[in-house]
Visitor: 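After the C-alpha cells below, expect a handful of questions from me.
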Amino acid sequence: MLENIVVWLGDELAFAGSSLLDTSKRVSVWYLVSALLFAGALLTVRYGRNGWHRLQPYLSWRVWFHYSARTDYKLWLVNRLLLALLIPKALTQAVWISWLYFYWQEHGFRDLQLGWSTSVVMVLFTLCYFLIDDFSRFFVHWCMHKSPWLWAFHQVHHSAKVLTPFTVFRTHPVEGLLFFLRSMVSQSFVISVFLVAFPNQVSLWQIYGVLVTTFLFNVLGANLRHSGVALSYGPLIEKWLISPAQHQIHHSVARHHYDRNFGVMLAVWDRLFGSWHAGHDDQAIRFGTQQAIDDMGVLGQWLQPFKDVHQLLRDRIKHGRMWLKPFGLKKRPARLDREGRS
Amino acid sequence: MIDVINYFNLRVKTMKKTLLALLITAGATQANAMSYEFDVTLKGYDGSATSSVAYSGQIARHALHNSLKKVVSQGDQAKMLNYLSGKEEGRAIIDPASKEGFAIKQSQVDELSKGKDLLSSAYDGVITGWPGNPTAQELLQQLVELAANSKQGYDPVNGYDYTQLISKFAMGAVFYNKAVNHYLEEKLEADQHPNNEAYKEGVPYTGKEHVWDEAFGYFGAPAHGLELSPKEVVQITKQNPEYFAKADANDDGVVDLKSEMAFAHAYYAASIDASSDTTYFHTIMQAFVDGRQLISDADGERLTDEQRGELKGYAATIATAWQQVIAEAAFKYAGSVYADLEKIAIIEDAQGDVSKAFRDYVKHWGELKGFALSLEAAGRDLGSAQSGLDRLIGFSPVLFGDMQVVALDGQGGFVQTNAGIMQEYKLNMIKVQNLLAQHFDLKAKLKDKTGGMSAVLEQINAAGKSAEND
Ligand SMILES: [Zn+2]
Ligand SMILES: [Zn+2]
C-alpha cells in the first residue's frame with residue numbers, strides 16, 4: 001500500500017517535471033524562452049538597447065526565489081496530486097460527449113449535409129472551439145470575482161506578491177475542480193454539436209499537439225502575463241487581445257484596477273462586460289490582495305478560503321443576504337465584506 | 001534556371017527508378033517466403049516428408065465450426081453436439097462443401113484429421129458477459145442446448161440468434177484463444193516443445209515449428225494468403241466461382257481445405273481490410289510467415305533466447321492485430337444494431353410491421369455479443385473495457401416493452417426486467433463503439449455511428465485537461 005503511494009507520488013512528480021519539456025504545457029522551457037525572445041524583440045524595437053532592461057524582472061533570481069514564488073511551485077506540485085484524486089475518473093469526456101451527441105440527435109438535430117470540405121470544417125470547428133473555450137474561461141473567471149463564495153477560493157491566485165510564469169498554477173484545488181468542469185462542459189458541447197452536424201469530418205487544427213491558437217498564445221509570450229515585465233500591445237491590439245500588461249492590471253492592488261481584464265486571450269469579452277482596461281509599458285503595479293493570505297504558505301492558501309466561506313455563511317445566516325453582489329461594484333466582494341465588518 | 005529544374009527532374013526520375021528496382025529485388029528475395037511452405041529442418045529425420053508444415057487438426061476444427069453454424073439453424077441438438085463436442089468418425093463437412101464452379105477436395109472431417117472436436121479446445125476461464133458467469137466451455141454447451149429448444153436457432157422472446165452467438169463466440173473461445181493464449185504464449189517458452197527435438201515421435205517437424213503452425217492454422221488463412229488481396233480472400237470464403245482460380249493455388253482443380261481455403265478470423269480480417277484502408281490480414285499473415293521463417297532458419301537447432309525474443313515479437317504483432325480484428329467486427333455490428341433500432345423506430349412511427357427489422361436487430365446483436373464475448377475468451381486482461389462492454393451491451397438486446405435479460409433463474413431460464421427505453425439502447429451502442437475504438441486503437445471503424453468521436457477525443461486528450469485559470 002505504502003509502496004504504491006510512493007510509486008504514485010514519484011510518477012506524478014516525474015510527470016509534473018516532464019511538463020517543463022512538453023510543448024503542450026505552457027511552462028515548458030520552449031515557451032519560457034520564446035516569451036523572453038518575443039518580449040526582448042518587441043521592447044528593443046520600442047526602446048532600443050534599454051528595452052532589454054525591462055526584462056529584468058523576468059530574469060531576476062529575487063523574483064523566482066521570492067517567498068510568494070516558492071509558494072507557487074509548491075501549490076503547483078501538491079495541487080496536481082490533489083486534483084488527480086479529486087477529479088472523478090468515471091465522468092470522462094467520452095461519456096459526456098456521447099450523451100450530448102445522442103441527445104441532439106434524439107431531438108431532431110441531424111447531419112447538416114452542407115458538403116463542406118474537411119479543411120473548412122476543421123477551421124470552423126477550431127474557431128468555435130477556441131471561442132467557446134476562451135469565453136467560458138472569461139465567464140467562470142468573472143463569476144469568481146463577482147461571487148464572494150467563489151472569490152474566497154480565487155483569492156489564492158491573487159495573493160501572489162510577485163508574478164512568475166508558475167503563478168498560473170497558484171490556484172485553490174476547488175477552483176481547479178471548477179475549471180476542470182468548465183473545460184469538460186464547454187468542450188463537450190462544441191464537440192458534440194459538430195459531430196452531429198459534420199459527422200466524420202471533425203478535427204482540431206493543432207500544432208505540436210496543441211490547438212493552433214494556444215500554440216500561438218504560448219509562443220507569443222503567454223508566460224509574460226504572470227511576470228513583472230509590463231508589455232502592452234498598444235491601444236489598438238489590446239482592444240482585441242489581452243496583453244501581459246493588461247493581465248498584470250488584473251493582479252493589481254490599486255483600487256481603480258479591481259475587477260478589470262478577466263479575459264485570457266480575447267479582450268472582446270471584457271469590452272462586452274464593461275471590465276476592459278488598457279495596459280501600459282510604463283505601468284508600475286504592486287501585486288496581491290493586501291490581505292493576510294498574501295503572506296501565507298501552502299497550508300494557509302488551502303485553509304483560508306474555507307475559513308472565509310465559513311465566515312460568509314455565518315454572515316449570510318445572520319443577515320439573509322443575496323448570493324451575488326449587485327453589478328457594477330468596483331470592489332472585490334470579499335474585501336467589501338471585511339471592510340463592512342470592520 | 002530552367003536547366004536547374006530539368007536537372008532536378010532528371011534526378012528525381014533516376015531516383016524513382018532506383019527505388020523501384022530496389023523494391024523489385026527486395027520482393028524477389030522474399031519470394032520464397034510468400035507462401036506458408038517450409039522444408040524439413042528436423043535433425044536426424046529419415047522419413048520421406050519434404051514439408052514440415054502441418055496444421056490439419058486446426059483445419060478440421062474450422063470445418064467443424066463452419067458445419068456447426070449450419071446445423072444450429074436446423075435445430076437438431078444431436079447434430080449440433082456432433083460438431084461441437086463429438087469426436088466420432090464419419091462426420092460430413094457440411095460447410096464448406098463443393099458447389100458448381102467451386103469444388104472442394106475434402107467432404108469428410110476425417111479426411112482432414114480424425115478425432116477432433118471444438119469444445120475441448122475452448123477457453124476454460126470465466127465469461128463475465130453472460131448471466132451466471134459460465135466458463136466458455138459451459139457457455140457453448142448451454143447455447144447449443146438453448147438453440148435446440150428454439151425455432152431454428154432464433155429466440156424472439158429473449159432476443160437471441162443462437163446461430164450467430166454460437167458461431168461468433170466459438171471462433172473466439174476456440175481459435176483465437178488457442179492461438180493467442182496457448183500456442184503464441186506459453187508454448188513459446190524455452191522448456192516447451194524445443195526446436196531441436198521432434199514435436200513427437202516420428203513426425204517430420206520440430207516442436208517449435210509445429211507450435212507455430214498450429215497457431216497459424218487457427219487463424220484460418222490460405223497458405224498463399226500473401227499473394228491474395230483482401231477482396232480475393234473474402235470471395236474465396238464465399239466460394240465465389242469467379243475466384244476459384246485464385247483459391248486453387250496448385251491448379252489441381254479442387255480447393256484443398258488444408259491450405260487453400262480462408263476461414264473464421266482470417267476472413268473477418270480480410271473483409272475489414274477490403275472495406276477500409278487497414279491491413280490486418282496481411283499484417284497477421286506476414287508475421288506468421290516471418291516467424292515461421294525464423295524458426296526454419298534455426299535449422300533444427302534449439303532457439304536462442306534472442307531468437308525466441310524475436311519470435312515473441314511476431315507473436316505480439318499477431319495477437320494485437322487479431323484482437324483488433326475481433327474488436328473491429330464488434331464495432332461494426334454495434335453500428336448495425338444502432339441502425340436497426342433507428343429502422344425499428346421509423347417503422348413503428350409509420351405503424352408498419354417491425355418483425356423483419358426486429359429479426360435483423362436480434363441477428364446483429366448476436367454477432368456483436370459473440371465478438372464482444374470472444375474478446376474476453378482468451379485470458380487477456382482487458383482492464384476496464386471488459387466490464388464496460390458487459391454493462392453496455394447487456395445480457396440481451398433491449399426488447400419491445402423495454403425489457404432486457406438480466407439474470408438466469410434457478411431452472412436456467414432467463415429473467416427479464418425493465419431496462420430503460422429501447423431507443424436509448426442506441427446511446428449504449430455509441431458508447432460501445434467509443435470504448436472499442438479507444439481501448440483497442442481501432443482504425444477501420446466500419447459503420448461508425450459516433451461521427452468519428454474517438455479521433456476527436458484522442459486529439460483533445462493528447463492536449464491534456466486544463467484545470468488552470470489565469
Ligand atoms: Zn482573477
Ligand atoms: Zn493571473
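Within every chain, numbering begins at 1; the chains are lettered A, B, ... in the order of the sequence lines, protein sequences first and strands thereafter. Hydrogens, waters and symmetry mates are skipped; everything else that's a heavy atom, side chains included, is used.
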Visitor: Does A:Tyr103 OH have over 12 foreign heavy atoms under 6.0 Å away?
Guide: no
Visitor: Look at the side chain of A:Tyr101 and the backbone N and O of B:Gly451, then say whether any donor-acceptor pair between them is shorter than 3.5 Å.
Guide: yes
Visitor: In this structure, are over 12 heavy atoms from other groups packed under 6.0 Å from B:Lys312 atom NZ?
Guide: yes
Visitor: Is there a side-chain contact between A:Tyr129 and B:Val456, using heavy atoms and a 4.5 Å cut-off?
Guide: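 No, side chains not in contact.
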Visitor: Taking atom OH of A:Tyr208 as the centre, report whether more than 12 heavy atoms of other residues, nucleotides or ligands fall under 6.0 Å from it.
Guide: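 Atom OH in A:Tyr208 is not packed in, count stays at 12 or less.
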Visitor: Yes or no on side-chain contact (heavy atoms from CB on, under 4.5 Å) for A:Ser98 and B:Thr450, after CA distance, side-chain angles and deciding distance?
Guide: CA-CA 8 Å; A:Ser98 300; B:Thr450 72; over 6 Å; no
Visitor: Who wins among B:Lys426, B:Gln433, B:Lys431 for the most heavy-atom pairs under 4.5 Å with chain A?
Guide: B:Lys426
Visitor: Rounded to the nearest 0.5 Å, what separation is found between the CD atom of A:Gln105 and the CD1 atom of B:Ile430?
Guide: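 Going from CD on A:Gln105 over to CD1 on B:Ile430, the span is 6.0 Å.
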Visitor: Which pair of non-hydrogen atoms, one from A:Phe102 and one from B:Gln423, has the smallest distance, and what is that distance?
Guide: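 Shortest heavy-atom contact: CZ-O, 3.7 Å.
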Visitor: Counting only heavy atoms closer than 4.5 Å, note whether B:Lys445 contacts chain A via side chain, backbone, both or neither.
Guide: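 It is neither, since no heavy atom gets under 4.5 Å.
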Visitor: Side-chain polar contacts of residues 197-205 of chain A - donor-acceptor pairs under 3.5 angstrom, sequence neighbours left out - could you list them?
Guide:
residue	atom	partner	partner atom	Å
A:Asn200	OD1	B:Gly452	N	3.1
A:Gln201	NE2	A:Trp116	O	2.9
A:Gln201	NE2	A:Thr118	OG1	3.3

Visitor: If you compare all heavy atoms of A:Ala94 against all heavy atoms of B:Leu457, which two are closest, and at what distance to 0.1 Å?
Guide: CB-CD1, 3.7 Å
Visitor: Check each atom of A:Ile191 against the heavy atoms of chain B and say whether the ones under 4.5 Å are side chain, backbone, both or neither.
Guide: side chain
